[in-house]
Number of protein chains: 2
Amino acid sequence: MALILDKIDTQILAILQKDSSRTTKSIANELGMTTSPIFERIKKLEKEGYIKKYVALLNHKKIGLKQVVFMGITLQGHTRSYLEKFVSQINSFPEVIECHRVSGNFDYLLKLVVEDIEAYEHFIITKLTLLPYLGNVQSLITLSTGKETNEIDLSRV
Amino acid sequence: MALILDKIDTQILAILQKDSSRTTKSIANELGMTTSPIFERIKKLEKEGYIKKYVALLNHKKIGLKQVVFMGITLQGHTRSYLEKFVSQINSFPEVIECHRVSGNFDYLLKLVVEDIEAYEHFIITKLTLLPYLGNVQSLITLSTGKETNEIDLSRV
DNA sequence: AATGAAAATTTAGAACT
DNA sequence: AGTTCTAAATTTTCATT
């Protein structure tokens, strides 16, 4: 198992993280190689976990989920068992697409996708406020998004 | 062009946002249909923009980019031309994977992926602080991530 | 809109350099 | 590690219902 990625590996990763529907043939053409080694390298990158998964990214606005919200949350209690319970309950909410434990002015930073502000208020009332030990909650309502990608910069790898 | 998605469309979207490497045949089997209508529906969902793109999600930690950081940024000037310039410069940094204009205690919320804390400090010194009109900057260093997905909840669509 | 089948293309792997 | 060649599988198109 190669632990280091060579130039060709990073080129393949750069291509696939932009567009995973590319065929091995088209990647091979772009890199001036034949399909077999490209195919083998991709399988290796998948097997070794450099590629986590292939997904379709949906247009959430078109599906009616127009509002992205970030929440900074502080907890009043910090016992380990409570932290774990909090995270597991937060993770169970389909509105929450990200939950990060952070250091700084909050304990947790969440990212949510909801229909609109009204749906966000409904989430707070019916789900969030039911969680015990909840301290300060700060909402950051997204007005517009200039950049939103999953593409990792591979230029320095 | 169908503006509303029926049950089968949402089932296809739910499958593809979990795993876009699924074949039309396997999706057809799961939904009790043949490949042709599944194929046509996927093409329609792509064409109408419900599916934005297909991407490979990489394991950024394995590639050496271990640190996720969020930044809350306040600007000192708010003229339109400056806001646009700020966003375009922020977007040009490969470390920044998300840039949202928000309402709340910050003007912008950024998400970055960097090698480590040292690389983050280097980013602040060599790139961020060069931007004019920069006001308050708050760093939220990710300690651990409980949930991080792009999957949109389609149950209510 | 779906079925079933045919054509075109890609994937996956064997043999070889 | 790469190339070429080939079989299997999948994608894509289309006539039909």
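Letters A, B, ... mirror the listed sequences (proteins, then strands); counts begin at 1. It should be emphasised that the depicted structure is a prediction, and the values quoted were computed from it without experimental measurement.
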| query | So, B:K53 and A:D19, do they make that salt bridge, N to O below 4.0 Å? | reply | no
| Hey, are B:K43 and B:E46 close enough for a salt bridge, meaning a charged N less than 4.0 Å from a carboxylate O? | yes
Gap between atoms [atom1] and [atom2], on [X] and [N] respectively (whole Å):
X	N	atom1	atom2	value
A:L31	D:dA1	CG	P	16 Å
B:D9	C:dA2	CG	C1'	14 Å
B:L16	D:dT11	CG	P	11 Å
B:I38	C:dT3	CD1	C1'	13 Å
B:Y54	D:dT11	OH	C1'	13 Å
A:K7	D:dA1	NZ	P	17 Å
B:I42	D:dT10	CD1	P	14 Å
B:L45	C:dA1	CG	P	12 Å

| request: Calculate, to the nearest 0.5 Å, the distance between atoms CZ and NZ belonging to A:F93 and B:K147 respectively. | output: 9.5 Å
Answer yes or no: does a side-chain N or O of [X] lie under 4.0 Å from OP1 or OP2 of [N]?
X	N	answer
A:R41	D:dA1	no
B:K25	D:dA9	no
A:T24	C:dT11	yes

| field | B:D107 to B:L75 - nearest heavy-atom pair and separation | value | OD2-N, 2.8 Å
Just compare [options] and give me whichever is closest to any side-chain atom of [X].
X	options	result
A:M33	C:dT11, C:dA2, D:dT3	D:dT3
B:F39	C:dA12, D:dT11, D:dT4	D:dT11
B:E40	D:dG2, D:dT13, D:dT11	D:dT13
B:I8	C:dA2, D:dT3, C:dG13	C:dA2

| request: Indicate the ring-plane relationship of A:Y82 and A:F86, choosing parallel, tilted or perpendicular according to the 30° and 60° boundaries. | output: tilted
| message | Mind checking if B:T23 touches a base, just sugar-phosphate, or nothing, with heavy atoms under 4.0 Å? | response | sugar-phosphate
| N/O donor-acceptor pair, side chain A:S36 with base D:dT4, under 3.5 angstrom | yes
